[in-house]
Amino acid sequence: MPQAITVEDLNIYYGDFLAVENVNVVIEPRSVTALIGPSGCGKSTFLRTLNRMHEVIPGARAEGTVEIEGQNIYAAGVDPVNVRRRVGMVFQKPNPFPTMSIRDNVLAGVKLNNKRISKSDADALVEKSLKGANLWNEVKDRLDKPGMGLSGGQQQRLCIARTIAVRPEVVLMDEPCSALDPISTLAIEDLIHEMKEEFTIVIVTHNMQQASRVSDRTGFFNIAGTGKPGKLIEIDDTEKMFTNPANKQTEDYISGRFG
Amino acid sequence: MSTIDASNKPAARKTVASGSGRRAGDTIFSALSVGSGLIIFLALAAVAVFLSLQSREAIEGSRELTGSADAVSLLEYTGPLIFGTVFAAVLALLMAVPVAVGIALFISHYASRKLSTPLGYLIDLLAAVPSVVFGLWGGVWLVPRLEPLYLFLNKHLGFIPLFAGEPTAPMKNLASASVVLAVMILPIITAVSREVFLQTPRLQEEAALALGATRWEMIKSVVLPFGKSGVISASMLGLGRALGETMAVLMVMSPGFTYSLHIFEVGRHQSIAANIAAQSAESTGIDMSRLIFTGLVLFVITFVINAIARAIVSRGPKS
């Protein structure tokens, strides 16, 4: 069951540098939330705190609470490994495991979480996940071929299949289409529409048209200047954000006056 | 874009203008570098020619068995030496590689930056210790301390051929030589492996972590497959060093000329390099020629090992 994500008083640091300041937001379940804003405003940084991937970078840390299913994932004693099993992530560049076949790529996360899986269960899961990523028809005859042999757009959908194969509640996407051509981008956007039936999706994008196409709600991050922390300026229904935003900065940004 | 074009144009024109007559500096420098390259090649060729020519006497006289002290054929003479050399080196490799990979992973993926940098230096420092010092340390300090372990393994695991036989003190046997060799090749294997592990694409590592992999699972599924060829080539480089190492073996192993598998028995094995060092001062004529022949064999073995290592390195990590 997808859960709402409640973020309270979240401050995100790289070492002593405060990168993102005081984020308070509720992300609705079974919806697509897009995060937009100029480069360096902290939207990807914020995204990475939602599955504790931020702290993978040496010196990086976050303070505040992020509640998923009523549990603060930054509470003492919470294992980031378990958080990441519940909150999947798709990256900017497609990153299938180069030494693995298409099939093994899809099963990679499952094999970590639950070492033993029967062959028939595995086959069913591979098919279901690849179908869920709209990739099944293209690869069903070459599941044992390397994942790196696919096109960029197919690789990204393979990464999505790999992510949803572990049945996360939330899927985070960090500019998932920025390395893809328009056709592949369309395929991923269609997929996002279908995926929100089952998952809570948060997507960072540089492309405002994309945000308006795929998301139900849109959040706008901005930064006052170099060296200043990024802030969540406004978050609202996507339609309202792109037609009648409450904040002047948002309006300037979406109308192309800066950024 | 336009500014880049503007700044490039005059430079391009200049090159074209001077293209007709090459600058003196360029000619001298290219001659110097080509010459340096040739010297390497000539030195290698000179060694190969020297070894081949000087060992001819031994090769041709091998059937005649001239009245030298130990009247054995060339094959009977060289065989146990090759066996001892390769045996000791491979044992050293088996001990060193797991430890080296462990240290390299610790430095690249576990230690904090504060710890990993000095640790890296320390490993490099180990490579700078002269082999004669390792020989002294091995022969005087290490050998007596290994004795209880040998006796234990011999007593309880003696059914394994490696540990069988009758160890006698002082334990200047193949096992001791291998341990010292392992310590000596540890730095090179560690350093190369560490470099390869550090090159693992961050995106791959994050892909594994984001799927909920623990650090060890991430290393197992991403770092090790990526670094596999690097570790193999590092091991080959280490093997090459172990094969050619002289002083430490000379000082830690009492020599013998057999094909014995019993690594705890003293006076059973000898390596080519140590044998040459021990014998060459007192050898003349066909004895000398035989030593040089063993040197040629060692040269060929290390050459092949290095060539394999280079081939694996150039194939590179799968990307």
Side-chain angles (χ1 to χ4, degrees), chain A residues 15 44 47-48 50-59 79-100 104-115 146-148 155-156 158-168 170-174 179, chain B residues 101 104-121 193-235 312-319:
Chain A
S44 289
L47 189 77
R48 290 168 63 95
L50 298 182
N51 66 343
R52 296 192 61 172
M53 279 299 285
H54 174 64
E55 64 207 67
V56 167
I57 299 160
D79 186 351
V81 167
N82 291 331
V83 172
R84 292 174 200 143
R85 287 175 188 182
R86 291 167 53 202
V87 184
M89 185 162 210
V90 178
F91 293 82
Q92 194 168 351
K93 274 201 215 144
N95 55 356
F97 296 118
T99 51
M100 293 184 195
D104 288 342
N105 259 291
V106 176
L107 294 174
V110 183
K111 282 187 175 162
L112 294 175
N113 297 351
N114 163 20
K115 298 283 180 203
M148 297 301 282
Q155 285 186 21
Q156 192 64 300
L158 177 60
C159 292
I160 292 173
R162 177 177 71 186
T163 304
I164 61 179
V166 296
R167 312 307 306 160
V170 181
V171 176
L172 309 176
M173 297 187 171
D174 188 359
Chain B
V101 169
L105 278 178
F106 178 73
I107 295 176
S108 66
H109 284 85
Y110 282 92
S112 65
R113 211 171 300 171
K114 254 185 230 160
L115 191 63
S116 68
T117 315
L119 205 60
Y121 285 136
S193 304
R194 178 192 58 190
E195 284 308 309
V196 181
F197 293 153
L198 282 174
Q199 280 169 23
T200 313
R202 176 133 206 109
L203 210 59
Q204 300 293 342
E205 298 181 359
E206 291 196 341
L209 289 176
L211 279 174
T214 61
R215 185 128 44 155
W216 167 237
E217 286 167 337
M218 183 267 281
I219 285 170
K220 214 167 45 170
S221 60
V222 176
V223 180
L224 289 181
F226 177 83
K228 200 170 80 183
S229 66
V231 172
I232 292 173
S233 64
S235 309
I312 296 171
V313 174
S314 66
R315 220 170 20 151
K318 289 178 207 159
S319 56

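Below, read A as the first sequence line, B as the second, and so on, with proteins coming before strands; counting in each chain starts at 1. Since the structure is predicted, the reported quantities are computational estimates derived from the model, not experimental observations.
- Under 4.0 Å is where a charged nitrogen must lie from a carboxylate oxygen, and between A:R84 and B:E217 no such pair does.
- Proximity to chain B (any heavy atom under 4.5 Å) is shown, for A:P168, by neither the backbone nor the side chain.
- In terms of heavy-atom proximity, B:A210 sits nearest to A:M89 at CB-CB, 3.9 Å.
- Using a 4.5 Å cut-off between heavy atoms, A:R52 makes no contact with chain B at all.
- Using a 4.5 Å heavy-atom cutoff, the side chains of B:P225 and A:M100 are not in contact.
- A side chain to side chain contact (heavy atoms under 4.5 Å, CB included) with A:V56 is found for one member of B:R215, B:E205, B:M218, B:R202 and no other, namely B:R202.
- The two residues B:L211 and A:A108 make their nearest non-hydrogen contact at CD1-CB, 4.2 Å.
- Taking CD of A:E55 as the reference point, atom CG of B:L209 lies at 10.0 Å (rounded to 0.5 Å).
- Interface remark: A:V87 contributes backbone atoms only to the contact with chain B (heavy atom separation under 4.5 Å).
- When all heavy atoms of A:L112 and B:A213 are compared, the pair lying nearest together is CD1-CB, 3.4 Å.
- Here the closest non-hydrogen pair linking B:A207 and A:F91 is CA-CE1, 3.9 Å.
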